[in-house]
Amino acid sequence: QVQLVESGGGLVQPGGSLRLSCAASGSIFSVNTMGWYRQAPGKQRELVARITKGGNTNYSDSVKGRFTISRDNAKYTVYLQMNGLKPEDTAVYYCNADSINFRIGNYWGQGTQVTVSS
C-alpha cells in the first residue's frame, strides 16, 4: 500500500510561517514530480507549487516569493515552507505525486488545514 502522509498544518497569525511536509509511505523506490495544491471553501483546488525529481520548481503567482518548495529524495519527502502568510492562504493543502514506483497516477495526501487568522 502506497500513500502520501502530510503534516505541519495549523493555525498561524498573518505574517507568520508554517512548514508543511509530505512523505511517500509504503514500499517506495521512486517518486516523480511532487506538488502542493490547496482548496479553499467554495473554490476549485489550485496548484501552489511543484518540484521535479531533479529539483526544478514552479510556483503560482500568488505565492511566489513567499513560499518555497523543496524535496529530499532520500526520504521521498516534499516540503513547503510558507512565509509571510496571509488570510487568503487559508485552505486545505494537499500534496500530490504524479508517479510512484513508475506507476503513473494522481496520488494525493489526505490534506492538512492551514488557517491564517489573527
Side-chain angles (χ1 to χ4, degrees):
Q1 189 84 311
V2 174
Q3 60 182 344
L4 300 175
V5 182
E6 300 166 330
S7 63
L11 175 65
V12 66
Q13 297 180 27
S17 298
L18 283 174
R19 183 180 176 88
L20 306 183
S21 300
C22 179
S25 177
S27 183
I28 307 296
F29 58 86
S30 179
V31 181
N32 205 22
T33 298
M34 304 183 77
W36 288 95
Y37 294 71
R38 66 186 181 187
Q39 187 168 23
K43 294 185 177 181
Q44 199 74 29
R45 187 174 300 187
E46 64 176 351
L47 175 68
V48 177
R50 292 183 298 185
I51 184 167
T52 68
K53 193 173 185 178
N56 295 122
T57 60
N58 293 99
Y59 298 90
S60 69
D61 290 340
S62 63
V63 307
K64 191 173 182 63
R66 298 186 297 121
F67 292 9
T68 302
I69 189 170
S70 61
R71 66 189 289 166
D72 185 336
N73 289 334
K75 297 180 178 179
Y76 303 112
T77 300
V78 63
Y79 306 93
L80 186 68
Q81 178 67 48
M82 303 184 293
N83 299 325
L85 283 162
K86 305 174 180 179
E88 51 263 44
D89 295 318
T90 296
V92 178
Y93 284 69
Y94 300 88
C95 65
N96 170 270
D98 68 354
S99 178
I100 298 178
N101 295 344
F102 305 115
R103 290 179 290 161
I104 298 173
N106 278 321
Y107 301 86
W108 293 97
Q110 77 283 359
T112 185
Q113 177 70 48
V114 172
T115 302
V116 184
S117 176
S118 58

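Treat the numbers as computed from the prediction; the structure is a model and nothing was measured.
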Can you confirm whether [X] sits close enough to [Y] that some side-chain heavy atom of one is under 4.5 Å from a side-chain heavy atom of the other?
| X | Y | value |
| --- | --- | --- |
| Ser99 | Ser30 | no |
| Thr68 | Leu80 | no |
| Ile51 | Asn56 | no |
| Cys22 | Trp36 | yes |
| Ile100 | Tyr76 | no |
| Met82 | Leu20 | yes |
| Asn58 | Ile69 | no |

Are the side chain of [X] and the backbone N or O of [Y] linked by a donor-acceptor pair below 3.5 Å?
| X | Y | answer |
| --- | --- | --- |
| Gln3 | Gly109 | no |
| Asn83 | Ser17 | no |
| Asp98 | Thr33 | yes |
| Gln110 | Glu6 | yes |

Which ILVMFWY residues can you reach from Val92 by hopping between side chains whose heavy atoms are under 4.5 Å apart?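 Besides Val92, the cluster holds Tyr37, Leu47, Tyr94, Trp108.
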Ser62 vs Lys86, side-chain contact (heavy atoms from CB on, under 4.5 Å): CA-CA, chis, key distance, verdict: CA-CA 10 Å; Ser62 63; Lys86 305 174 180 179; over 6 Å; no
Gln39 atom CD, neighbour heavy-atom count above 12 within 6.0 Å: yes
Do Arg71 and Tyr79 meet the cation-pi criteria used here (NZ or CZ under 6.0 Å from the six-membered ring centre, within 45° of the axis)?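 No.
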Which pairs of donor and acceptor atoms, one on a side chain in residues 111-118, lie under 3.5 Å apart (sequence neighbours left out)?
from, atom 1, to, atom 2, distance (Å)
Thr112, OG1, Gly9, N, 3.2
Gln113, NE2, Ala91, O, 3.4
Gln113, NE2, Thr115, OG1, 3.3

Minimum heavy-atom distance [X]-[Y], with the two atoms named:
| X | Y | result |
| --- | --- | --- |
| Lys53 | Val31 | CD-O, 3.7 Å |
| Leu4 | Ala97 | CD1-N, 3.8 Å |
| Thr90 | Ala40 | O-CB, 3.8 Å |

Asn101: what forms a side-chain contact (heavy atoms from CB on, under 4.5 Å) with it, not counting sequence neighbours?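 Per chain and number, Asn101 pairs via side-chain contact (heavy atoms from CB on, under 4.5 Å) with Val2, Ile28, Phe29, Arg103.
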Rounded distance [0.5 Å steps], CG in Leu18 versus CD in Gln81: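 Here the interatomic distance stands at 8.5 Å.
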Hey, what do you get for CD (Gln44) to CZ (Arg38), rounding to the nearest 0.5 Å?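 Result: 14.0 Å between the selected atoms.
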